Amino acid sequence: MNWTRQAWVGWDARVSSDTETDVFTDVFEEHRPQLMGVAYRMLGRVADAEDVVQDAWLRWSRADRAEVREPGAYLVRITTRLAIDRLRQVQARGESYVGPWLPEPYVGEFGDTAPDAADRVLLADSVSFAVLVVLESLSPLERAVFVLREAFGYPFAEIAALLDRGEAAVRQLAGRARRHVDERRPRYDVDPVRRRAVTERFLDAASDGDLDALMSLLAPDVRLVGDSGGKAKAPSRIVHTADKVGRFLAAVVPGTWETMSYRFVEANGGPAVLVLDGDRPDSLFQLEITDGRVTTVYIVRNPDKLRHLATV
């Protein structure tokens with residue numbers, strides 16, 4: 001049964017309380033992946049997204065069953081509003097971050113069930129490092145509208161109802177957010193097979209410290225973005241140009257990885273490399289690739305952002 005679009009018909013008074021609770025829980029669990037997808041795209045942090053979804057569950061469990069007509073819309077509305085509140089709290093605290101910021105890597109499914117390959121590519125792109133970094137600079141409302149519209153395809157009228165805003169205002173927010181993202185999002189290849197092939201060649205060259213091989217893979221204007229949060233070794237600023245990025249990788253990676261292992265994972269909609277020091281996640285690499293050349297190297301080394309990957 002598709003609870004998302006089917007009207008909620010109320011609860012039969014003859015249903016036992018235990019059965020009612022089980023059905024209520026099942027409805028929430030059916031929507032949990034989508035709620036996690038909304039919250040994570042809004043926040044860029046796995047732990048915060050999980051907290052928001054848990055808060056949504058608490059509110060759902062206390063909801064008046066007779067007043068809930070469309071469970072999917074109700075749950076997305078709660079989750080979106082909680083995520084907006086969380087973003088506003090972070091901004092109000094004026095939290096600063098040491099060095100470049102990257103999203104907390106997410107390895108897993110968001111419940112995205114796009115019907116065709118083109119739509120699945122768009123969904124993967126909406127959770128990429130490149131897009132989430134840009135979304136970080138949007139206002140909470142702009143971010144909410146962008147996520148609901150671009151990632152999940154909600155009509156403007158539904159977004160307006162979810163956010164208690166006029167449709168005209170929502171259209172303005174969507175247009176502003178879309179222009180902002182389009183201006184700042186880099187162009188890159190989203191094909192996972194090509195990305196995986198180039199990533200494997202990149203790993204071989206970096207592990208061997210082969211500068212010539214690295215230079216053949218790097219675009220002239222390549223960037224290396226290292227996120228450590230001041231809690232691990234990583235460049236404190238973005239490294240630019242093929243010469244500087246190649247020399248940095250050739251000098252650092254071979255010695256660093258001598259006692260480590262790595263494996264490929266699917267993170268944020270694309271192939272990534274999880275580097276392990278024993279059983280402890282040490283770093284996560286992901287590449288942006290355009291026309292067969294690496295245009296951005298993302299390295300997440302902040303241990304707080306990798307802890308949840310220990311069980312991956």
Side-chain angles (χ1 to χ4, degrees), residues 99-103 105 107 117 120-122 124-125 127-134 182-228 232-277 281-302 305-306 309 312:
W101 179 91
L102 290 173
V107 177
R120 286 195 295 271
V121 167
L122 289 174
D125 181 53
V127 78
S128 68
F129 277 9
V131 169
L132 292 178
V133 167
V134 176
D182 286 345
E183 288 170 359
R184 291 163 177 80
R185 175 172 52 186
R187 182 178 67 89
Y188 63 94
D189 190 346
V190 297
D191 183 274
V193 175
R194 287 197 291 268
R195 290 179 69 184
R196 170 71 181 248
V198 174
T199 301
E200 289 178 344
R201 291 164 56 199
F202 173 88
L203 282 174
D204 288 341
S207 299
D208 293 339
D210 189 336
L211 182 58
D212 289 338
L214 280 170
M215 294 297 289
S216 71
L217 294 170
L218 300 176
D221 57 350
V222 63
R223 304 177 307 142
L224 185 147
V225 185
D227 177 338
S228 70
K233 290 183 178 180
S236 58
R237 293 186 178 88
I238 297 174
V239 181
H240 295 271
T241 77
D243 181 66
K244 291 180 180 178
V245 171
R247 291 184 184 283
F248 173 83
L249 292 169
V252 172
V253 171
T256 304
W257 286 11
E258 281 182 356
T259 60
M260 296 185 186
S261 61
Y262 64 82
R263 64 171 177 265
F264 275 89
V265 295
E266 185 78 9
N268 294 75
V273 179
L274 179 62
V275 181
L276 299 164
D277 184 0
D282 174 84
S283 53
L284 182 133
F285 280 68
Q286 192 170 63
L287 306 179
E288 278 178 13
I289 297 161
T290 306
D291 299 329
R293 305 289 291 274
V294 178
T295 52
T296 307
V297 181
Y298 294 117
I299 308 175
V300 180
R301 297 215 64 219
N302 185 336
K305 294 185 176 183
L306 298 172
L309 299 180
V312 172

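Keep in mind the model is a prediction, meaning the values are calculated, not measured. Starting from 1, each residue takes its place in the sequence as its number. What you see below is based on every heavy atom in this structure, not just the backbone, and it leaves out hydrogens, waters and symmetry mates.
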The test is side-chain contact (heavy atoms from CB on, under 4.5 Å); show your working for Leu274 and Tyr262 and say whether it passes. CA-CA 5 Å; Leu274 179 62; Tyr262 64 82; over 6 Å; no
Close side-chain approach of Asp208 to Pro254, heavy-atom, < 4.5 Å: no
Interatomic spacing from CZ in Phe202 to CG in Leu218 - rounded to 0.5 Å: 6.5 Å
Any Val294 side-chain heavy atom under 4.5 Å of Val222 side chain: yes
Distance in Å, Phe129 CZ paired with Leu284 CG, rounded so as to fall on 0.5 Å steps: 5.5 Å
Nearest non-hydrogen partners of Pro105 and Leu306, listed with the distance: CG-CD2, 4.4 Å
List the residues meeting side chain to side chain contact (heavy atoms under 4.5 Å, CB included) with Asp191, not counting sequence neighbours, and say none if there are none. Asp189, Val193, Arg194
Taking the side chain as C-beta and beyond, is there a heavy-atom pair between Thr241 and Pro220 under 4.5 Å? no
Kindly indicate whether the side chain of Lys233, heavy atoms from C-beta on, has any atom under 4.5 Å from the side chain of Ser228. no
How close do Ala213 and Ala205 get, heavy atom to heavy atom, and via which atoms? CB-CB, 3.6 Å
If you draw a 6.0 Å radius around CZ in Arg247, do more than 12 non-hydrogen atoms from other residues or ligands fall strictly inside? no
side-chain contact (heavy atoms from CB on, under 4.5 Å), that's the test. Do Arg293 and Leu217 meet it? Break it down for me. CA-CA 5 Å; Arg293 305 289 291 274; Leu217 294 170; 5.7 Å; no
Between Leu214 and Ala250, which heavy-atom pair has the shortest distance, and what is it? CD1-N, 3.9 Å
Ala242 and Ala219 have their tightest heavy-atom pair at CB-O, 3.5 Å
What distance do Ile299 atom CD1 and Phe248 atom CZ have between them, rounded to the nearest 0.5 Å? 5.5 Å
Any non-hydrogen side-chain atom of Leu224 less than 4.5 Å from a side-chain atom of Pro235? yes
Side chain to side chain contact (heavy atoms under 4.5 Å, CB included) partners of Thr296, counting only residues at least two apart: Arg223, Val225, Glu288, Tyr298
What is the distance from atom CG of Asp204 to atom CG of Asp210, rounded to the nearest 0.5 Å? 10.0 Å
To the closest 0.5 Å, what do you measure between CG (Asp282) and CG (Leu276)? 8.5 Å
Quick check for you: to the nearest 0.5 Å, what is the distance between Glu266 atom CD and Gln286 atom CD? 8.5 Å
Ion pair present between Arg301 and Asp227, side-chain N to carboxylate O less than 4.0 angstrom? no
Run the numbers on Trp101 and Asn302 for side-chain contact (heavy atoms from CB on, under 4.5 Å), then give the verdict. CA-CA 10 Å; Trp101 179 91; Asn302 185 336; over 6 Å; no
Any side-chain heavy atom of Val275 sitting closer than 4.5 Å to one from Pro281? no
